[in-house]
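Okay, so here's the structure we're looking at.
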Amino acid sequence: MNTAVPTWAGVAASIALVLPAIAVAWHRRLDLARDIAVAAARAGVQLAAVGAILLLVFQHTGVAGAAGCLALMVITAGRVCAGRSAGLPRALPIATTAVAVGSGATLGVLLALGVIAPQARVVIPVGGMVVSGAMQATTLLLVRLRDEARTARPAIEARLALGLPAVEAFAPHLRSTLRTALIPAVDATRTVGLISLPGAMTGLILAGVDPLTAIRYQIVVMYMMLSAAALAALTAAHLAERALFDDVHRLRPLTAGTRG
Amino acid sequence: MDEPFAIAVRTRTCALGRPGADAPPSFALDRVTVRRAGRLLLDGLSAQIPGAACTALVGPSGAGKSTLLRVLNRLAEPTSGEVRFRGTPLPELDVLELRRRVGLVGQQPVLLTDRVLDDLRVGRPDLDEDRAAVLLERTGLPAGMLARATAGLSGGEAQRVCLARALAVGPEVLLLDEPTSALDADSAQAVEYTIRDLVADGLAVVLVSHNVPQARRVADHVLVLRGGRLVASGPADRVDYLRKGT
Ligand SMILES: Nc1ncnc2c1ncn2[C@@H]1O[C@H](COP(=O)(O)OP(=O)(O)OP(=O)(O)O)[C@@H](O)[C@H]1O
Ligand SMILES: [Mg+2]
């Protein structure tokens with residue numbers, strides 16, 4: 001089975017693939033040669049470190065270590081989302097909570113129903129997928145919501161001025177933003193297998209598992225990604241809505257922030 | 001609450017009366033300051049806004065007129081100072097009820113739905129078509145416009161739809177931020193008549209206007225703002241800013 005996995009010598013040989021990219025960038029003065037080299041080196045180092053850490057966790061810490069890894073992922077994801085949605089009040093706690101709720105609930109259900117085994121070597125990679133799905137949806141939602149609150153301020157305030165409560169004044173904007181944030185997850189689910197073979201399935205097939213077994217995993221993965229995205233986006237929307245308005249139904253001024 | 005609907009367009013003679021001079025003030029402001037980003041938008045403003053009369057709020061661009069209207073229906077909060085509505089400090093009133101009693105029509109007309117009738121219903125979901133038609137006519141628009149798509153409206157039509165939308169809620173006080181800035185003389189006059197009608201019905205109207213002849217025609221009382229401060233106030237026929245004309 002392991003004959004399908006590249007040896008370290010194979011990995012070293014694959015560096016040859018990066019060289020032409022650097023050469024082209026340098027020759028065409030794209031100002032990217034350095035970036036490509038650094039990115040490639042960085043990817044190698046990062047993955048080696050992750051591999052080593054995972055090995056340690058699998059062998060020595062068990063499920064507690066897995067939980068720690070997941071917490072770290074959620075915190076990192078929260079920071080990434082918050083960085084993108086700068087300018088939104090309380091972006092960091094909102095993003096972190098949304099990712100935590102979306103991933104936590106999804107993983108919890110998978111574990112409770114016995115769909116996945118409560119082992120570090122299962123929970124960490126599956127959790128990673130769930131967290132990144134939740135992160136994507138949360139980022140998209142918060143960025144769009146912030147921009148919507150900025151550009152649609154006159155319409156929102158016109159509704160508030162008519163005596164509508166904040167939730168109602170913001171509802172049309174929240175609805176369209178939620179839709180937008182969930183479209184990538186929905187599209188990915190709809191076209192799965194048609195455009196590209198998804199990661200989990202690819203991995204299993206490469207590792208020698210037969211395709212009909214591999215798709216079972218992939219189906220679970222698709223559903224859990226959908227759930228993580230939806231729950232995270234809903235949580236983020238709910239919390240952001242409360243952060244955007246004060247207790248006398250006024251849209252707060254949004255501080256200047258970098259465009260995400 | 002149903003009162004404003006019952007009145008059809010009135011004649012000018014009736015509107016010419018200047019009632020409300022003895023009614024208690026609708027708003028009383030005491031040293032109201034609004035500071036945003038280190039700038040004073042309102043600077044220790046003390047003033048009274050009569051009840052059941054039309055008050056013109058005039059002053060150069062950037063004087064703080066729109067800011068003052070936003071303070072009155074709590075879209076903006078004073079940094080310091082106190083605003084009372086019919087004797088009660090604003091923070092003690094339910095803000096949603098306050099905004100229904102104190103309608104604000106913003107400087108830029110913003111339409112909120114796809115169809116004119118739906119727009120009139122935003123603040124009043126149970127508004128029936130007949131009442132909606134009456135409201136439109138009060139602002140000088142034909143009733144047939146109810147079925148029109150909001151996307152195709154001209155700036156002046158949009159302004160009047162926004163006015164009708166605020167009237168639909170049945171406010172006691174109407175804050176109008178340059179409601180005729182995009183209107184021709186005839187349409188502006190229709191809105192001026194409407195304002196006088198509303199005042200005759202007992203509403204207090206605060207009218208921000210850059211148009212001094214208009215302020216002189218419509219207002220009973222004038223507040224002149226400059227740099228966030230009150231520089232003059234009094235009956236319309238006695239305030240210099242209006243008498244000089246421009
Ligand atoms: N949120 C804000 N932050 C900082 N400054 C603001 C803000 N809102 C308004 N201002 C400034 O406050 C001043 C008063 O604004 P306001 O809109 O009340 O003026 P105005 O009298 O209505 O002017 P105009 O006649 O042009 O409509 C202006 O100089 C404006 O640039
Ligand atoms: Mg203004």
Side-chain angles (χ1 to χ4, degrees), chain A residues 85-91 144-181 183 237-260, chain B residues 34-37 41 66 69-78 90-114 118-125 127 150 158-159 161-177:
Chain A
S85 42
L88 191 78
R90 301 210 300 270
R144 299 284 301 220
L145 212 58
R146 176 200 61 191
D147 294 348
E148 189 74 19
R150 277 201 185 122
T151 56
R153 176 177 287 271
I156 297 166
E157 290 193 332
R159 288 195 196 86
L160 292 174
L162 290 166
L164 266 62
V167 169
E168 281 177 42
F170 197 51
H173 309 281
L174 193 70
R175 206 176 307 129
S176 68
T177 307
L178 259 172
R179 278 184 61 90
T180 314
I183 282 173
H238 177 72
L239 295 175
E241 180 178 64
R242 291 176 39 165
L244 281 170
F245 292 89
D246 64 15
D247 50 3
V248 289
H249 302 267
R250 274 177 315 168
L251 183 58
R252 291 182 198 276
L254 294 188
T255 51
T258 48
R259 294 258 140 189
Chain B
V34 174
R35 187 188 295 271
R36 292 278 179 280
L41 312 194
S66 300
L69 294 197
R70 288 166 59 84
V71 164
L72 295 183
N73 91 341
R74 283 195 93 186
L75 277 179
E77 199 78 336
L90 291 195
E92 290 173 23
L93 292 164
D94 176 65
V95 64
L96 299 182
E97 196 199 317
L98 173 79
R99 289 189 188 142
R100 301 183 73 80
R101 294 171 68 188
V102 181
L104 170 67
V105 181
Q107 195 161 1
Q108 305 292 335
V110 189
L111 297 168
L112 301 169
T113 61
D114 296 335
D118 296 329
D119 240 75
L120 299 189
R121 284 176 172 159
V122 170
R124 178 98 187 220
L127 184 75
T150 50
Q159 245 176 356
V161 171
C162 291
L163 173 56
R165 189 176 65 197
L167 286 175
V169 180
E172 299 165 32
V173 180
L174 201 52
L175 311 171
L176 305 176
D177 205 340

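Convention: sequence-line order gives letters A, B, ...; per-chain numbering from 1. None of the values given here were measured: they were computed from a predicted structure.
Between B:L75 and A:R250 the shortest heavy-atom distance is O-CD, 3.1 Å. Across all non-hydrogen atoms, the minimal contact from B:R99 to A:L160 is CD-O, 3.1 Å. Listed here is the closest heavy atom pair of A:G163 and B:L96: O-CD2, 3.8 Å. Taking each heavy atom of B:G123 and A:L164 in turn, the nearest pair found is CA-CD1, 4.0 Å. The two residues B:V110 and A:A155 come nearest to each other via the heavy atoms CG1-CA, 3.6 Å. Across B:A166 and A:L162, no two heavy atoms sit closer than the pair CA-CD2, 3.9 Å.
Among A:P172, A:P165, A:P253, the residue with the largest count of heavy-atom pairs under 4.5 Å with chain B is A:P165. Listed options B:A76, B:C162, B:G106, B:G103 were ranked by heavy-atom pairs under 4.5 angstrom with chain A; first place goes to B:A76. Counting heavy-atom pairs closer than 4.5 Å to chain A, the top residue among B:R70, B:R101, B:E77 is B:E77.
Here the CZ-OG1 distance, from A:R159 to B:T113, works out to 9.0 Å after rounding to the nearest 0.5 Å.
The local environment of CZ in A:R252 is crowded, with over 12 non-hydrogen atoms from other residues, nucleotides or ligands closer than 6.0 Å. Heavy-atom contacts from other residues, nucleotides or ligands closer than 6.0 Å to CD of B:Q108 number 12 or fewer.
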